[in-house]
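Contents: one structure, followed by commentary.
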Amino acid sequence: MNLEQELKQATIEIFKEEFGVEISSDAVTLNITKKEHTGDYTVVVFPLIKFSKKSPEQTAEMLGEKLKAKINYVAGYNVIKGFLNLSFTSSYWLNRLQEISTNKSYGTFPASGKKVVLEYCGPNTNKPLHIGHVRNMFLGFSMSEILKANGYDVTKVNIYNDRGIAICKSMVAYIHYGNNSTPQSTGIKGDHFVGDWYVKWNEKAKEELETLNAAKTGDFDEDQKQTNLFKETQEMLLKWEAGDAVTIKLWKQMNEWVFEGFQQTFNLLSIDFQKDYFESQTYMLGKDIVEEGVKKNVFKKRADGAVIIDLTPDGLDEKVLLRSDGTSVYITQDLATAELRNKEFGMDKMIYVVANEQDYHFKVLKLALQKLGHAWAAGIYHLSYALVESPTGRFKSREGKTADADDLISEVLRIAEEKTRELGKTEGFSEEQAAELYQTIGLGALKYFVLRVNPYKKIIFNPEESIDFHGHTGPFIQYTHARVSAIMRKAKDLDVSGFSNLQTLNDVERELIILISEYENVVRAAAEKYDPSEVANYVYSLAKTYNKFYHDFPILNASTEDEKKLRVALSAQTGMLIKKGMKLLGITVPDKM
RNA sequence: GCCUCGGUAGCUCAACUGGAUAGAGCAUCAGUUUUCUAAACUGAGGGUCAUUGGUUCGAGUCCAAUCCGGGGUACCA
């Protein structure tokens with residue numbers, strides 16, 4: 001039983017003994033005591049006065065007195081208005097630190113046997129990854145680490161949108177203007193190579209459009225349909241669907257280039273997938289599922305032949321699941337892939353990391369599957385995140401290069417190298433070690449910048465200003481770890497056991513232990529809320545508190561041997577949790593920087 | 001129009017899900033190196049928590065209305 005449960009349980013017992021009432025543990029509000037007051041944990045007694053029928057102060061006094069008598073580690077208390085601040089004995093906290101220090105798997109929970117399939121990234125194969133994918137990839141990877149730490153068996157999957165009119169545009173442009181060039185021959189990264197042809201297609205379509213006399217709406221998506229280039233592209237899509245050998249061959253070649261390019265970026269970012277899905281293989285699936293739904297009377301066939309699901313009772317609209325001509329829409333195949341994954345993995349949760357533009361889509365998907373009678377559909381969760389915007393508004397892939405993921409990453413790495421050199425931090429490093437450090441710091445800065453924000457909030461990203469290395473940033477936390485590592489190198493022969501002989505703790509030591517003791521709650525909360533920012537903000541406060549401790553008190557030169565042991569043990573544990581916490585964010589920490 | 005998500009310091013973000021005097025970083029100003037890594041630490045200034053009303057011991061947090069911004073409301077993906 002952990003601390004909070006113990007305190008709540010004791011409070012419940014006291015209320016039963018004193019007043020003969022059963023209160024629920026929800027009625028007991030327990031917080032960490034605010035810094036300006038003395039105490040470690042605080043019970044808010046206002047919710048309890050309706051049971052005690054006494055004033056808040058009287059209730060708090062009574063509860064404080066009884067808790068002190070009942071729990072041996074409650075050393076004292078004070079009451080301010082309706083707040084009961086409890087102080088614990090130093091030996092309680094020292095034992096707590098001892099217990100955590102000897103538990104190597106502190107903060108990771110035993111395997112629950114529950115399975116999760118987590119889909120993230122979801123790129124199109126006609127263009128390179130952009131900043132939106134960056135947020136997606138960081139969130140997805142981090143979420144998988146957090147779920148693993150919570151005992152889930154996680155399978156990461158990716159889905160490639162590798163078919164349709166967009167990739168055909170790249171293909172048509174390549175046929176016309178490519179001259180059999182390749183990524184190898186041009187030295188361009190594969191996904192950018194293919195993306196360049198997509199851009200070329202748009203340029204050429206615009207040129208052609210200007211020569212046309214036909215009426216224009218001003219909306220390019222609409223107007224482009226009048227061009228011969230578009231007609232040619234549509235024909236190519238038909239050929240593709242018919243399985244035309246030449247078309248398929250080119251399509252495969254282009255995809256190969258793109259995958260190669262993507263893989264380089266995945267490697268650089270250290271993200272991975274256990275299984276890839278391809279839309280080209282799933283886009284025709286799902287019709288049987290829709291038919292089955294019609295038979296079960298959950299879906300309806302309209303007079304025009306289209307199949308719809310009526311979600312007006314659920315506060316949504318009618319949604320088409322199959323076109324009147326019998327062909328699929330987006331959601332048709334999603335129904336199928338969901339069933340497929342369930343068969344394949346038999347999961348308890350299925351998480352989709354997808355931008356919030358698709359909130360509606362995933363509501364419909366989940367409801368449709370539930371109405372089909374799939375109990376497992378209750379485990380579907382859409383991890384929805386908001387867009388990344390530039391200070392002047394939404395990043396558009398057509399305007400400027402700032403939205404491109406690879407450009408962004410290399411810019412961050414460049415800044416990291418520059419700053420690190422300025423500070424002369426790589427003295428004594430080999431060239432490889434230095435390069436590795438730049439990468440660790442640069443990616444740490446970027447990942448942390450993205451993950452510290454709650455997913456449903458949009459991020460304003462200014463390439464020039466957002467990547468910082470001071471204050472509430474990844475490198476600050478990495479630096480704190482490097483400091484701890486330096487201490488540990490010097491104290492490596494010290495036997496830390498026995499620090500619990502100490503009688504007193506100073507305020508900062510106590511604060512650090514309380515924070516360390518909270519770590520496991522944070523790991524739990526991050527999984528429950530599907531929110532890596534919980535971990536990000538926690539690790540920051542841990543690092544911040546440690547830096548204050550480091551600054552205010554000598555560690556290796558502490559005045560007594562026991563104190564030194566305690567401070568080294570505190571350092572070791574802080575370093576450990578920074579490392580573990582950052583790993584949950586997909587960020588590595590250096591031992592020197 | 002309807003649905004949905006946002007709006008907190010000049011800027012970027014927190015606020016333990018209804019608790020105490022709303023906290024951090026950046027930027028600005030002023031300090032701290034003979035001692036364990038100054039990418040650090042200390043201090044100062046900076047707030048009508050979009051607005052109005054309500055609920056209660058207590059509201060940035062819940063409810064209602066309004067304003068601003070994003071997204072959705074496709075037989076696009």
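Below, all heavy atoms of this structure are taken into account, side chains as well, without hydrogens, waters or symmetry copies. Chain A is the first sequence line, chain B the second, and so forth, proteins listed ahead of strands; every chain is numbered from 1. None of these values were measured; they are calculated from a predicted model.
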Heavy-atom donor-acceptor pair, A:Trp240 side chain to A:Gly164 backbone, under 3.5 Å: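 Answer holds: no.
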Polar side-chain atom of A:Asn136 near backbone of A:Ala355 as donor-acceptor pair, under 3.5 Å: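 Judged by distance alone, no pair lies under 3.5 Å.
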Reported NE2-to-NZ distance for the pair A:His382 and A:Lys363, which is rounded to 0.5 angstrom: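 It is 10.5 Å, given to the nearest 0.5 Å.
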A:Arg483 NZ/CZ over A:Tyr550 ring centroid, <6.0 Å and within 45° of normal: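 Output yes; distance and angle both within limits.
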A:Arg163 NZ/CZ over A:Tyr283 ring centroid, <6.0 Å and within 45° of normal: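 Yes, cation above the ring, under 6.0 Å and within 45°.
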Mind checking [X] for me? I need base, sugar-phosphate or nothing, with any heavy atom below 4.0 Å counting as a touch.
X	result
A:Arg163	nothing
A:Phe83	base
A:Tyr283	nothing
A:Tyr360	sugar-phosphate
A:Asp304	base
A:Asn85	base
A:Gln358	base
A:Val453	sugar-phosphate
A:Lys50	nothing
A:Phe46	base
A:Asp317	sugar-phosphate
A:Thr42	base
A:Tyr550	base
A:Pro56	nothing

Return the nearest nucleotide to the side chain of [X]; candidates are [options].
X	options	result
A:Ser324	B:rU35, B:rC75, B:rC13	B:rC75
A:Tyr540	B:rG25, B:rA38, B:rA77	B:rG25
A:Val329	B:rC5, B:rC75, B:rA39	B:rC75

State whether [X] places a side-chain N or O below 4.0 Å from either non-bridging phosphate oxygen (OP1 or OP2) of [N].
X	N	answer
A:Lys490	B:rU37	yes
A:Lys457	B:rC5	no
A:Lys544	B:rC41	yes
A:Arg483	B:rA39	no
A:Lys458	B:rG6	no
A:Tyr479	B:rA39	yes

Name the pairing partner of [N], where a pair is Watson-Crick or G-U wobble with both distances under 3.5 Å, or state none.
N	answer
B:rG31	B:rC41
B:rG6	B:rC68
B:rC13	B:rG23

Syn or anti for B:rU37 (syn when the glycosidic angle lies within 90° of 0):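 Anti.
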Chi class for B:rU35: syn within 90° of 0, otherwise anti: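 In terms of base orientation relative to the sugar, B:rU35 is anti.
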Nearest-angstrom distance, C1' atom, B:rA9 to B:rU4: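 Rounded to whole Å, the distance is 29 Å.
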Salt bridge (charged side-chain N to carboxylate O under 4.0 Å, His left out) between A:Glu417 and A:Arg414, intermediate numbers included: CA-CA 5 Å; A:Glu417 175 168 354; A:Arg414 190 190 62 74; over 6 Å; no
A:Ser485 vs A:Thr473, nearer the 5' end of RNA chain B by closest nucleotide: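 By nearest-heavy-atom nucleotide position, the 5'-most residue is A:Thr473.
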Of A:Glu36 and A:Leu556, the one whose closest RNA chain B nucleotide lies more 5':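 Its nearest nucleotide being more 5', the pick is A:Glu36.
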A:Phe476 and A:Tyr479: CA distance, side-chain angles, deciding distance, ring-ring contact (aromatic ring centres under 6.0 Å, His included) verdict: CA-CA 5 Å; A:Phe476 169 88; A:Tyr479 174 72; 7.7 Å; no
Non-hydrogen side-chain atoms of A:Val450 and A:Phe461 separated by less than 4.5 Å: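 A:Val450 does not reach A:Phe461 side chain to side chain.
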[X] [atom1] to [N] [atom2], straight-line distance once rounded to whole Å:
X	N	atom1	atom2	result
A:Gln478	B:rU37	CD	P	18 Å
A:Lys319	B:rC75	NZ	P	6 Å
A:Asp359	B:rC2	CG	P	20 Å
A:His472	B:rA15	NE2	P	11 Å

Base of B:rA20 and ring of A:His37 stacked, centres under 5.5 Å, planes under 30°: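 According to the criterion (under 5.5 Å, under 30°), yes, A:His37 stacks.
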Heavy-atom donor-acceptor pair, A:Lys425 side-chain to B:rU37 base, under 3.5 Å: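 Per atom types, the contact qualifies.
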